[in-house]
Amino acid sequence: MNSVKGRGIVRRALVLLVACGLTLAGTAASGAAAAEEGAQQGGVSATLGRITAGGGAVVHDRRRTGPVMAGLFEMKVDGGGTLQTYCVDILTNTVDGAKYKETGWGESSLHDNPNAGRIRWILQHSYPQVNDLAALAKDSGAGTLDANSAAAGTQVAVWRYSDSVKVDAVSPEAQKLADYLYGHAEDTPEPQASLTLTPAAVSGRAGGRIGPVTVRTDASSVTVMPSAAAVAKNVRLVDKAGKPVTTTGNGGEVYFDVPAGTPDGSAALKATAATKVPVGRAFIGDHTRTQTMILAGSSESTVSAGAGATWAAEGAIPAVTARKDCAAGGVQVAVENKGDRPFTHELQGRPHTVAPGRTETTLVRIGEDQAYRLQVTGPGGFARTFSGILDCRTAETAAAEGSGTTRPSPAASPVVAHKAGTGGGPVTGGDLAGTGGSGATPEVAGVAIALIVVGGGAVFLLRRTEAAGDQ
């Protein structure tokens with residue numbers, strides 16, 4: 001082979017190894033929050049691992065056609081536990097070791113997908129939720145299924161609904177399963193969060209109970225603990241009757257009991273529990289742009305959430321929360337004023353005033369796939385910061401709208417304000433860890449597959465062809 005041509009094919013093949021969705025090496029951006037980081041939605045935080053079962057598939061898309069790996073990922077939960085997930089954005093690569101967080105459909109690429117409920121049905125009626133693969137094979141007409149073909153078939157069926165792309169499994173058995181699941185899926189309601197605290201911020205006057213913060217969870221018991229700042233200020237967590245609270249359950253109400261005379265300030269609480277996360281919950285990158293996942297299985301896992309309280313003797317007493325709103329294309333920042341004077345503050349450098357007893361909700365528009373860091377600042381050093389990445393669309397959707405997988409974004413800007421009273425031997429580790437599409441030609445795709453089989457031979461081959469060209 002001509003050495004120049006050989007180097008070209010190998011280099012193109014190496015590019016394909018990434019374009020095909022092999023896990024991108026890299027470290028997720030730090031998700032550590034500053035001390036004034038605002039409380040955000042609770043639930044599970046986890047780190048992406050490798051595909052534990054799966055097989056090959058082929059995408060037939062107008063922009064990207066080629067082989068992909070279809071399978072079941074494993075995630076390690078912060079604090080203990082394991083999750084199993086499938087992908088719901090076939091044309092976006094995963095990031096090796098990325099941090100993920102649990103979220104609702106409205107804050108993910110499923111927010112405007114009319115078939116999101118059918119995806120959940122597929123997850124509930126296939127592997128790993130259904131462990132009787134003989135029965136699953138019989139029902140689907142697949143003949144014989146093992147973990148790999150079952151995972152591949154399930155992922156293919158999910159992709160058909162999540163990305164509206166034509167994708168087929170390489171294994172005939174997996175293909176049979178995918179067709180069966182796709183054809184029988186029914187609309188199913190969105191699952192509830194594993195743990196939430198509502199609202200995530202409260203405010204009021206010292207000398208009484210501030211709240212309530214309501215717990216919503218499937219866990220049998222939730223532990224609540226005050227922050228170090230709360231303990232230092234003698235702020236206790238109590239129930240409606242003023243009795244100390246250390247554990248509660250679904251629907252439980254927790255208050256901050258702030259002693260009279262306590263200097264103006266703020267404190268927080270943390271709620272933790274152990275429970276299985278409901279099948280169908282979405283997982284998005286935490287400060288990292290990576291492929292969105294959907295939960296297919298969960299061990300008993302650690303879930304957590306936080307909430308904060310602000311108090312003052314007089315004047316404005318703000319409580320600030322924020323949530324992503326994919327339908328609106330940004331983040332909704334809500335500022336409530338429980339004081340007796342207007343709360344004048346800045347959001348992203350723009351002035352706002354909230355009258356006593358009122359709430360102002362402002363939409364801050366964020367570009368798709370763009371990181372944001374929103375800050376609310378007020379008198380006396382008041383500051384709350386909310387950060388993340390707006391990941392609301394699949395790459396398929398973004399490209400169809402003419403924007404590609406990412407698009408330029410204007411600076412985050414507040415624009416609206418409303419005032420109100422997922423065949424063969426087991427697939428584990430290595431480079432077969434990611435998913436996604438490929439825009440390569442069939443020739444290069446063939447070379448890429450061969451390189452996947454021989455693993456590290458790609459780098460060796462590249463060095464060898466370069467050395468031959470230098471002779």
Side-chain angles (χ1 to χ4, degrees), residues 16-23 51 53-73 84-94 108-110 113-123 125-127 136 140-142 145 147-185 282 290-294 296 393-400 404-405 422-424 427 432-442 444-446 448-449 452:
L16 180 61
L17 290 176
V18 174
C20 258
L22 301 181
T23 301
I51 286 180
V58 180
V59 181
H60 309 280
D61 183 72
R62 62 184 179 277
R63 290 168 312 283
R64 296 183 180 183
T65 297
V68 295
M69 190 66 200
L72 186 67
F73 279 88
Q84 294 172 306
T85 61
Y86 288 107
C87 305
V88 289
D89 188 357
I90 195 172
L91 299 183
T92 297
N93 292 307
T94 56
S108 75
S109 60
L110 296 172
N113 189 329
N115 294 313
R118 289 181 170 83
I119 295 174
R120 189 184 183 208
W121 185 96
I122 290 171
L123 300 174
H125 292 81
S126 191
Y127 184 77
L136 185 60
S140 63
L145 288 171
N148 290 322
S149 55
T154 305
Q155 175 65 92
V156 166
V158 167
W159 274 331
R160 290 176 182 175
Y161 278 125
S162 65
D163 295 79
S164 298
V165 295
K166 179 174 173 51
V167 55
D168 298 312
V170 172
S171 160
E173 295 80 13
Q175 179 71 358
K176 281 281 189 180
L177 176 60
D179 291 343
Y180 167 78
L181 295 171
Y182 180 78
H184 287 75
T290 183
Q291 184 167 170
T292 300
M293 300 283 174
I294 191 165
R393 298 182 297 173
T394 63
E396 166 74 16
T397 302
T405 57
T422 116
V427 180
L432 299 179
T435 58
S438 167
T441 64
V444 180
I449 293 174
I452 292 174

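Numbers here are sequence positions counted from 1.
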Original post:
CG/L72 to CG/N148 distance, rounded to the nearest 0.5 angstrom?
Top reply: 10.0 Å
**OP:** Answer whether the closest heavy-atom distance between the side chains of T94 and M293 falls below 4.5 Å.
**Re:** yes
Original post:
Any donor and acceptor pair, going by atom type alone, linking the side chain of Q291 with main-chain N or O of T92 inside 3.5 Å?
Top reply: yes
Original post:
Out of curiosity, S171 OG to L177 CG, how far, rounded to the nearest 0.5 Å?
Top reply: 9.5 Å
Subject >> Verdict with supporting geometry, W159 and V68, side-chain contact (heavy atoms from CB on, under 4.5 Å) >> reply: CA-CA 12 Å; W159 274 331; V68 295; 3.9 Å; yes
Subject >> For S109, all residues meeting side-chain contact (heavy atoms from CB on, under 4.5 Å), sequence neighbours excluded >> reply: V88, T292, T394
**OP:** List in chain and number order the residues that pass side-chain contact (heavy atoms from CB on, under 4.5 Å) with V58, two or more places apart in sequence or in another chain; answer none if no residue qualifies.
**Re:** H60, V170
Original post:
Hey, what do you get for OH (Y182) to OG1 (T154), rounding to the nearest 0.5 Å?
Top reply: 15.5 Å
Original post:
In Å, rounded to the nearest 0.5 Å, how long is the span from CG of D163 to CG of N113?
Top reply: 8.5 Å
Subject >> Results of side-chain hydrogen bond (donor to acceptor under 3.5 Å, both in side chains) for S140 - residues two or more places apart only >> reply: none
Subject >> Atom pair OG1 (T65) and NZ (K166), whose distance is rounded to the nearest 0.5 Å >> reply: 11.0 Å
Original post:
Who are the side-chain contact (heavy atoms from CB on, under 4.5 Å) partners of A185, not counting sequence neighbours?
Top reply: R118, W121, I122, Y161
Original post:
Measuring from D89:CG to L110:CG, what's the distance to the nearest 0.5 Å?
Top reply: 9.5 Å
Subject >> For D179, salt bridge (Lys or Arg N to Asp or Glu O under 4.0 Å) partners two or more places apart >> reply: R160
Original post:
How far apart are the C-alpha atoms of I90 and S162, what are their side-chain angles, what is the distance that settles it, and do they pass the side-chain contact (heavy atoms from CB on, under 4.5 Å) test?
Top reply: CA-CA 8 Å; I90 195 172; S162 65; over 6 Å; no
Subject >> Distance-minimising heavy-atom pair for G55 and A152 >> reply: N-CB, 3.6 Å
Original post:
Between A282 and S108, which heavy-atom pair has the shortest distance, and what is it?
Top reply: CB-OG, 3.9 Å
